[in-house]
Amino acid sequence: MQKCKDIIFASHNKGKISEIREILSPLGLNVLSGEDLELPDVEETGKTFEENAYIKALAAAKKQNIPCFADDSGLCVDAMGGRPGVYTARYAPNRDFDKGMDKLLNELEETNSGNRAAHFSCVIVLAYPDGRYKSFEGRVDGSIAPRKSGNAGFGYDPIFIPTGFNRSFAEFDSEEKNKISHRGRALQKFVQYLSDEYQ
């Protein structure tokens with residue numbers, strides 16, 4: 001792992017950066033973010049999580065001329081046809097997730113389906129300056145809570161209840177959440193790849 005002491009995460013999302021640093025730091029990896037390196041924001045024009053993650057990772061890799069990784073993730077609600085999906089962040093008015101959760105709860109109620117099944121997906125892409133890449137996917141199934149609860153986490157965590165639990169992600173501590181979250185599961189695969197590649 002020595003060759004990967006510093007690794008670049010192409011993101012400006014403080015919640016994601018904090019979560020990924022917490023997961024990777026025990027492995028001796030120092031995560032540098034888009035904010036640390038003043039990487040420009042890249043427009044996410046892809047139609048899938050993998051495409052968006054690749055766009056961001058490749059832009060950073062070309063700018064820094066070293067491999068970089070990025071992620072794209074979102075909440076997919078069955079009764080809403082998988083929405084908001086890749087548009088999860090933009091679904092929230094002005095990126096205000098509190099308003100975004102209210103909007104989602106209202107829209108879900110209007111479906112009158114009674115189906116509250118949902119899942120979070122995350123795809124991490126490690127891109128090389130020449131365009132090559134590897135992708136790693138994680139997913140956690142669950143349901144949409146009838147109301148917001150909890151103050152931890154970020155994004156839509158207060159309305160997502162993972163399968164097998166009776167509390168929202170915003171009621172988990174970070175260590176507990178990282179073990180089962182979509183991002184945590186994708187990172188486990190990513191870390192295994194790094195271990196195999198650089199051991």
Side-chain angles (χ1 to χ4, degrees), residues 1-37 39-76 85-86 88-89 119-142 153-155 157 160 162-164 169 172-199:
M1 296 291 285
Q2 289 78 6
K3 293 181 182 178
C4 283
K5 192 68 175 176
D6 288 337
I7 191 163
I8 296 172
F9 178 45
S11 176
H12 295 270
N13 184 309
K14 288 182 173 61
K16 288 184 180 182
I17 293 166
S18 175
E19 202 167 81
I20 282 178
R21 279 181 173 152
E22 184 165 349
I23 293 171
L24 296 186
S25 63
L27 303 168
L29 296 175
N30 178 43
V31 178
L32 300 174
S33 72
E35 289 201 332
D36 297 324
L37 302 170
L39 295 174
D41 275 320
V42 178
E43 186 177 1
E44 298 177 14
T45 56
K47 290 183 170 56
T48 66
F49 295 121
E50 183 179 71
E51 287 175 3
N52 280 335
Y54 177 68
I55 288 168
K56 292 182 285 188
L58 181 61
K62 286 184 173 180
K63 181 170 173 43
Q64 301 298 127
N65 200 35
I66 59 171
C68 297
F69 77 101
D71 90 316
D72 194 41
S73 58
L75 178 62
C76 305
V86 294
T88 294
H119 67 272
F120 269 120
S121 282
C122 173
V123 176
I124 291 173
V125 168
L126 174 68
Y128 297 82
D130 63 5
R132 291 178 298 121
Y133 74 97
K134 292 282 293 184
S135 64
F136 313 87
E137 184 172 6
R139 168 174 168 154
V140 58
D141 292 297
F154 63 97
D157 284 356
F160 182 80
T163 299
F169 258 165
F172 283 59
D173 63 41
S174 59
E175 183 178 358
E176 187 180 24
K177 178 189 171 188
N178 290 340
K179 288 178 180 177
I180 66 166
S181 75
H182 50 306
R183 190 167 294 105
R185 288 171 173 172
L187 277 168
Q188 288 168 19
K189 296 176 182 177
F190 177 48
V191 167
Q192 184 60 55
Y193 172 78
L194 292 178
S195 299
D196 294 343
E197 187 80 357
Y198 294 103
Q199 64 182 356

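All residue numbers refer to positions in the sequence shown, counting from 1. This is a predicted model, so every value here is computed, not measured.
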_Between Glu44 and Ile55, is the side-chain contact (heavy atoms from CB on, under 4.5 Å) condition met? List the steps._
CA-CA 7 Å; Glu44 298 177 14; Ile55 288 168; 5.9 Å; no
*For residues Ser181 and Asn178, is any side-chain donor paired with an opposing acceptor at under 3.5 Å?*
no
_Derivation of the side-chain contact (heavy atoms from CB on, under 4.5 Å) call for Ser135 and Phe69_ = CA-CA 9 Å; Ser135 64; Phe69 77 101; over 6 Å; no
*asked:* I want to check something: taking the side chain as every heavy atom from C-beta on, are Val191 and Ile23 in contact at a cut-off of under 4.5 Å?
replied: no
_Any side-chain heavy-atom pair of Ile7 and Phe190 under 4.5 Å_ = yes
_Single hit among Arg139, Glu137, Arg183 for side chain to side chain donor-acceptor pair (under 3.5 Å) with Ser73_ = Arg183
*Parallel, tilted or perpendicular: ring planes of Phe120 versus Phe169, cut at 30 and 60 degrees*: parallel
*Rounded to the nearest 0.5 Å, how far apart are CZ of Phe154 and OG of Ser18?*
8.5 Å
*Calculate, to the nearest 0.5 Å, the distance between atoms CG and CD1 belonging to Asp71 and Ile124 respectively.*
6.0 Å
_Just verifying a value: how many Å separate Leu39 CG and Ser33 OG, rounded to the nearest 0.5 Å?_
8.0 Å
*Evaluate the criterion side-chain contact (heavy atoms from CB on, under 4.5 Å) for residue pair Arg185 and Ile180; output intermediate values, then yes/no.*
CA-CA 6 Å; Arg185 288 171 173 172; Ile180 66 166; 4.1 Å; yes
*Among all residues two or more places apart in sequence or in another chain, which pass the ring pair (Phe, Tyr, Trp, His ring centres under 6.0 Å) test with Tyr54?*
Tyr133
*To the nearest 0.5 Å, tell me how far Gln64 CD sits from Ile8 CD1.*
4.5 Å
*asked:* Does this structure show an ion pair linking Lys177 with Asp157, if we count only N-O contacts that are shorter than 4.0 Å?
replied: yes
*CG on Asn52 to NZ on Lys47, rounded to 0.5 Å*: 10.0 Å
*Applying salt bridge (charged side-chain N to carboxylate O under 4.0 Å, His left out), run through Arg21 and Asp36 and close with a yes or a no.*
CA-CA 13 Å; Arg21 279 181 173 152; Asp36 297 324; 2.5 Å; yes
_Value rounded to 0.5 Å, distance of CG in Asn30 from CG in Asp6_ = 4.5 Å
